[in-house]
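Just so you know, these numbers come straight off a predicted model, no measurement behind them.
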Amino acid sequence: MKKINMNVKDEVYDSLDREFKNFIRLSLKCDSGFVSPSFDNFLLAKLSDNTTFLTEEAVQHLMMSGQYAWAKRALDKDFPDVVAILISQASNYGFHIAVRQDWGSDDLTAASKAWSTAIVKQAKGDESQIDILAAQIKSSAVSIAHVEEKLKTPAWRLAASLAQQLHDAKIAVEHARGSVAHEKLGALRSLLKLGIAYGSVKEKDEKEILERLRVKKPYLFAEEESFLTRAIAWWRSVFA
């Protein structure tokens, strides 16, 4: 190995020393675990017109630690796990991945697969991650109804109020008499229709509620039946 001895003016040496110390200071500010090169290696890099001044040891440390290493591990093999961590942590701070209330398992599976495929392809990642990422998304997603309840959104407050009014209306119909009972039945039917429109009441539930009332208080439905009977009779007479 050849050896070079140099004699420089004091001001040149001081300038190089300041530059070296600034390099170390800035490097440590970016990465507290940065492995600093020696002053001799720094000078060698300057003579070689190498502006990075990194020794092999420093490069190895940079590759194995810090933000670069985290990102590389995430993109190489741990990306789905990173997404799962982000999603699970998000719920602690009020963020959720919400899905439609009427989605079944197959709908959720198809949507998760489509979304993960788009993410991996746009990132030009390894397509073997698609199914893993889709599974993470599916397991982390929750119904919009659950999110609304947890966050107590205006929609959830409306649904809760509607459910309470529906409960009160059923009790009112059961205890009312005469014209008041007819009025309460009309109010109950309106609330049931609103519940069906919102999605909190199913049509099957509406029929069961009205059928139980029909058994308990058949006189409330007698007028309807007589009207229906007259309508059917008229319809038959038209085509007779």
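Taken to the nearest 0.5 Å, the OG1 atom of T109 stands 2.5 Å off from the NZ atom of K138. How far CD of Q165 is from CG of L158: 8.5 Å, rounded to the nearest 0.5 Å. Between atom CZ of residue R189 and atom CG of residue L213 there is a gap of 9.0 Å, rounded to the nearest 0.5 Å. Expressed to the nearest 0.5 Å, how far OG of S143 lies from NZ of K150 amounts to 13.0 Å. Taking CG of L210 as the reference point, atom CG of D205 lies at 11.0 Å (rounded to 0.5 Å). Distance check, rounded to the nearest 0.5 Å: CG of L133 to OG of S128 gives 11.0 Å.
Counting side-chain heavy-atom gaps under 4.5 Å among Ile, Leu, Val, Met, Phe, Trp and Tyr, the cluster of V99 also holds W103, L108.
K217 places a side-chain N or O within 3.5 Å of a backbone atom of V173 that can act as its donor or acceptor partner. Judged by distance alone, the side chain of S190 and the main-chain N or O of G186 form a donor-acceptor pair under 3.5 Å. Within the 3.5 Å criterion, the main-chain N or O of R18 finds a donor-acceptor partner in the side chain of N22. Judged purely by atom type and a 3.5 angstrom limit, S116 uses its side chain to pair as donor or acceptor with the backbone of I130.
Donor-acceptor pairing under 3.5 Å is lacking for the side chains of S15 and E19.
Between K184 and E174 no salt bridge is recorded (no basic side-chain N to carboxylate O distance below 4.0 Å). A salt bridge is defined here as a Lys NZ or Arg NE, NH1 or NH2 lying under 4.0 Å from an Asp or Glu carboxylate O, and D17 with K21 meets this definition.
Every side-chain contact (heavy atoms from CB on, under 4.5 Å) that I171 has, sequence neighbours left out, goes to H167, H175.
Counting heavy atoms of neighbouring residues, nucleotides and ligands inside a 6.0 Å radius, atom CD of Q122 does not exceed 12 of them. With a 6.0 Å radius and a threshold of 12 heavy atoms from other residues, nucleotides or ligands, F39 has its CZ atom above the threshold.
Closest approach of K113 and T117 over heavy atoms only: O-OG1, 2.7 Å. Here the shortest heavy-atom pairing between P218 and V215 reads CD-O, 3.8 Å. Here the closest heavy-atom approach between residue L192 and residue I209 is recorded as CD2-CD1, 3.8 Å. The minimum heavy-atom distance between L188 and K170, with the atom names listed, is CD1-CG, 3.6 Å. Residues S112 and A134 come closest through the heavy atom pair CB-O, 3.5 Å. Listed here is the closest heavy atom pair of I144 and Q101: CG2-N, 3.7 Å.
Outside the 6.0 Å centre-distance limit, the rings of F20 and Y13 are not counted as a close aromatic pair.
Residue V147 is not grouped with residue W115 when hydrophobic side chains (ILVMFWY) are merged at heavy-atom distances under 4.5 angstrom, including chains of intermediate members. Cluster annotation: V201 is not connected to W156 through the hydrophobic network of ILVMFWY side chains, with a link wherever side-chain heavy atoms come within less than 4.5 Å. With hydrophobic clusters built from ILVMFWY side chains whose heavy atoms lie under 4.5 angstrom apart, L166 shares a cluster with I196.
The closest side-chain heavy-atom distance from I97 to V142 is not below 4.5 Å. You'll find the side chain of K216 stays beyond 4.5 Å of the side chain of R212, heavy atoms only.
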request  = Could you please spell out the steps behind the side chain to side chain contact (heavy atoms under 4.5 Å, CB included) verdict for H146 and H96?
outcome  = CA-CA 10 Å; H146 174 74; H96 299 271; 5.6 Å; no
